[in-house]
> 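Once you've had a glance at the structure underneath, I'll fire off some questions.
Note that ligands are numbered from 1 as they come in the structure, with each ligand's atoms numbered from 1 the same way. Computed over heavy atoms, backbone and side chain alike; hydrogens, waters and symmetry mates excluded.
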Amino acid sequence: MTFDADAKMQFLFALRSRGVTDSATLKAMEAVDRGIFVQGYFADRAYEDMPLPIACGQTISQPSVVGLMTQALKIAPRDTVLEIGTGSGYQAAVLAQLARRVYTIDRHRRLVREARAVFDRLGLTNVTAFTADGSHGLPDQAPFDRIIVTAAAEDPPGPLLAQLKIGGIMVVPVGQSDAVQSLIRVTRSETGFEYEEMRPVRFVPLVEGLGKD
Ligand code: SAH
């Protein structure tokens, strides 16, 4: 399958019907071919609104969840965004359409290596991927205008909250890994953090330390 006019139309229709209505987000998702991020057996399902398996036992998120998280971030063109959980690199590539600079971290070397190759292939020069335990954030590049966590934590990790600018927004799935989690939007103000519960979601867990591969 290719991301031709028909596939795009159906893809965007499914996004809109699931609440992705922000035009900049829809445009960004139209510009990034999800098929490039899904290899092998499931490649022909890349344009369906479902999560799919990727290497290292991880998953590429459902497109509508990528869209809802992206629009919840309200990214401005000059923003620097940190993503925890590179996975396939798809979410980072979508963010890269909207932000000035994207840093993305995964605990699996292999996923980072493969995502970098895709960013190169797509000519995305404003995305930098690192292998690291993302629960510590990226102190060297902090603070960030926006932070997105695409793995579920029991609580929003403290170092990530600390690396969010005043006025910054973080989106993070919170809850036990084997249960339904809640997608939370955290906004930092001069006086503290405001938490908003968005919707139930299901993500792989945020795991401490580096992966074996
Ligand atoms: N955003 C991805 C999907 C993420 S799946 C995409 O668009 O394809 C969740 C990812 O979080 C997995 O790749 C997993 O390896 C990673 N992860 C889990 N715990 C982590 C941690 N502590 N630090 C960095 N990455 C982590």
Side-chain angles (χ1 to χ4, degrees), residues 11 15 20 25 28-29 31-40 42-43 45-70 72-73 81-99 102-119 122 124 127-139 141 144 146-160 163 170-178 181 183 201-213:
F11 187 72
L15 291 175
V20 184
T25 299
M29 293 184 73
V32 180
D33 180 354
R34 189 170 183 254
I36 295 173
F37 298 84
V38 181
Q39 301 297 324
F42 291 98
R45 315 201 73 169
Y47 308 124
E48 291 177 33
D49 191 32
M50 49 164 57
L52 294 170
I54 56 171
C56 303
Q58 304 302 314
T59 51
I60 176 172
S61 310
Q62 190 175 346
S64 56
V65 172
V66 170
L68 291 168
M69 290 175 87
T70 303
L73 285 172
V81 182
L82 173 66
E83 179 194 28
I84 310 302
T86 310
S88 67
Y90 177 64
Q91 172 77 73
V94 170
L95 297 169
Q97 311 298 313
L98 299 163
V102 178
Y103 295 98
T104 181
I105 305 179
D106 206 286
R107 59 188 290 277
H108 287 287
R109 268 178 211 88
R110 173 176 171 190
L111 294 175
V112 169
R113 193 173 59 235
E114 291 178 358
R116 276 185 189 143
V118 179
F119 301 147
L122 297 178
L124 293 175
V127 189
T128 312
F130 297 101
T131 305
D133 179 347
S135 42
H136 306 301
L138 196 57
Q141 307 296 336
F144 301 97
R146 303 289 185 260
I147 299 179
I148 173 171
V149 188
T150 61
E154 283 186 26
D155 291 300
L160 298 184
Q163 290 171 31
M170 171 157 84
V171 176
V172 52
V174 170
Q176 303 290 334
S177 60
D178 52 354
Q181 306 129 8
L183 190 60
V201 281
R202 205 175 186 124
F203 276 86
V204 298
L206 192 72
V207 178
E208 270 181 39
L210 293 187
K212 286 195 290 291
D213 54 354

> In chain order, what residues pass the side-chain hydrogen bond (donor to acceptor under 3.5 Å, both in side chains) check against Glu48, with sequence neighbours excluded?
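With neighbours one apart ignored, the set is Arg45.
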> List every atom of ligand 1 that sits less than 4.0 Å from any heavy atom of Ile105, numbering the atoms from 1 in the order shown and giving each element.
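Counting atoms of ligand 1 from 1, those under 4.0 Å from Ile105 are 24 (C), 25 (N).
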> Can you sort out which atoms of ligand 1 are near Val204, meaning under 4.0 Å from one of its heavy atoms?
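With Val204 as reference, the close atoms of ligand 1 come out as 5 (S), 9 (C).
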> Would you say that Phe203 contacts Thr59 through its side chain, given a criterion of any heavy-atom pair below 4.5 Å between the two side chains?
no
> Could you establish whether Thr86 and ligand 1 come within less than 4.0 Å of each other, counting only heavy atoms on the residue side?
yes
> Looking only at distance, does Glu208 have an N or O less than 3.5 Å from an N or O of ligand 1?
no
> Tell me the nearest of Asp106, Ile84, Ile54, Leu52 to atom 10 (C) of ligand 1, using heavy-atom distances.
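Closest candidate by heavy-atom distance is Asp106.
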> Starting from atom 18 (C) of ligand 1, which protein heavy atom do you reach first, and at what distance in Å?
Pro205 O, 3.5 Å
> Does the side chain of Leu82 reach to within under 4.5 Å of the side chain of Leu160, using non-hydrogen atoms?
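Leu82 vs Leu160: side chains touch.
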> Report, in ascending order of atom number, the atoms of ligand 1 lying under 4.0 Å from any heavy atom of Glu83.
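That gives atoms 1 (N) of ligand 1.
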> Is there a side-chain contact between Leu52 and Phe37, using heavy atoms and a 4.5 Å cut-off?
no
> State the OG-CG distance between Ser135 and Leu206, to the nearest 0.5 angstrom.
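Here the interatomic distance stands at 5.0 Å.
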> Is Leu111 touching ligand 1 with its side chain, its backbone, both, or neither, if touching means heavy atoms under 4.0 Å apart?
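Side chain only.
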> Just do the side-chain contact (heavy atoms from CB on, under 4.5 Å) check on Glu114 and Val118 with the steps written out, would you?
CA-CA 7 Å; Glu114 291 178 358; Val118 179; 5.8 Å; no
> Give every donor-acceptor pair under 3.5 Å between a side-chain atom in residues 84-99 and any protein atom, sequence neighbours left out.
{"unit_1": "Thr86", "atom_1": "OG1", "unit_2": "Thr104", "atom_2": "OG1", "d": "2.8"}
{"unit_1": "Thr86", "atom_1": "OG1", "unit_2": "Ile105", "atom_2": "N", "d": "3.3"}
{"unit_1": "Thr86", "atom_1": "OG1", "unit_2": "Ile105", "atom_2": "O", "d": "3.3"}
{"unit_1": "Thr86", "atom_1": "OG1", "unit_2": "Asp106", "atom_2": "N", "d": "3.4"}
{"unit_1": "Ser88", "atom_1": "OG", "unit_2": "Tyr90", "atom_2": "N", "d": "3.1"}
{"unit_1": "Gln91", "atom_1": "NE2", "unit_2": "Thr70", "atom_2": "OG1", "d": "2.9"}
{"unit_1": "Gln97", "atom_1": "NE2", "unit_2": "Ala93", "atom_2": "O", "d": "3.1"}

> Output yes when a side-chain donor or acceptor of Asp49 lies under 3.5 Å from a complementary backbone atom of Ser64, and no otherwise.
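It does hold such a pair.
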> One residue to check: Asp133. Relative to ligand 1, which of side chain, backbone, both or neither has a non-hydrogen atom less than 4.0 Å away?
both
> Quick test: of every protein heavy atom, which one is nearest to atom 11 (O) of ligand 1, and how far off is it to 0.1 Å?
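The closest one turns out to be Gly85 CA, 3.3 Å.
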> Any atoms of ligand 1 less than 4.0 Å from a non-hydrogen atom of Leu206? List them with their elements.
18 (C), 19 (N), 20 (C), 21 (C), 22 (N)
> For atom 25 (N) of ligand 1, what's the nearest protein heavy-atom neighbour? Residue, atom name and distance, please.
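Scanning the protein heavy atoms, the shortest distance from atom 25 (N) of ligand 1 goes to Arg107 N, 3.3 Å.
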> Consider side chain to side chain contact (heavy atoms under 4.5 Å, CB included). Of Val127, Ile147, Ile148, which one does Val81 pass it with?
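That would be Ile148; it is the only one of Val127, Ile147, Ile148 passing the side chain to side chain contact (heavy atoms under 4.5 Å, CB included) with Val81.
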> Give the contacting part of His108 toward ligand 1: side chain, backbone, both or neither, where contact means a heavy-atom distance below 4.0 Å.
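Side chain only; the backbone of His108 stays clear of ligand 1.
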> Applying a 4.0 Å heavy-atom criterion (strictly less than), which segment of Cys56 is in contact with ligand 1: side chain, backbone, both, or neither?
neither
> Would you say the side-chain atoms of Arg34 pair up with the backbone N or O of Ala46, donor to acceptor, closer than 3.5 Å?
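Checking the backbone N and O of Ala46 against the side chain of Arg34, a donor-acceptor pair under 3.5 Å is found.
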> Which protein non-hydrogen atom lies closest to atom 3 (C) of ligand 1, naming both residue and atom, and how far is it?
Thr59 O, 3.3 Å
> Which protein heavy atom lies closest to atom 8 (O) of ligand 1, and at what distance to 0.1 Å?
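Answer, as residue, atom name and distance: Ser88 OG, 2.6 Å.
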> Which protein non-hydrogen atom lies closest to atom 22 (N) of ligand 1, naming both residue and atom, and how far is it?
Val207 O, 2.7 Å
> Compare all side-chain heavy atoms of Val38 with those of Ile54 and state whether any distance is below 4.5 angstrom.
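Answer no - side chains too far apart.
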> Quick check on side chain to side chain contact (heavy atoms under 4.5 Å, CB included): which of Gln62, Arg202, Gln58 does Pro51 satisfy it with?
Gln62
> To which protein heavy atom is atom 12 (C) of ligand 1 closest, and what is the distance rounded to 0.1 Å?
Gln58 OE1, 3.2 Å
> Test of understanding: given a 4.0 Å heavy-atom threshold, classify the contact between Gln91 and ligand 1 as side chain, backbone, both, or neither.
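Near ligand 1, Gln91 shows its backbone as well as its side chain.
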> With atoms numbered from 1 as shown, which atoms in ligand 1 lie under 4.0 angstrom from a non-hydrogen atom of Ile60?
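Every atom of ligand 1 under 4.0 Å from some heavy atom of Ile60: 8 (O).
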> For ligand 1, is any non-hydrogen atom under 4.0 Å from Ala132's backbone (N, CA, C, O), its side chain (CB onward), both, or neither?
backbone
> Taking distance alone, with no angle check, do Ala151 and ligand 1 share an N/O pair under 3.5 Å?
no
> Under 3.5 Å, side chain of Gln181 to main-chain N/O of Ala151, donor-acceptor pair present?
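The answer is no, because no donor-acceptor pair under 3.5 Å joins these two groups.
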> Gln163 side chain to Leu138 main-chain N or O, any donor-acceptor pair under 3.5 Å?
yes
> N/O to N/O below 3.5 Å, does that happen between Ser61 and ligand 1?
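Checking ligand 1 against Ser61, no N or O pair falls under 3.5 Å apart.
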> Any nitrogen or oxygen of Gly134 lying under 3.5 Å from a nitrogen or oxygen in ligand 1? Just yes or no.
yes
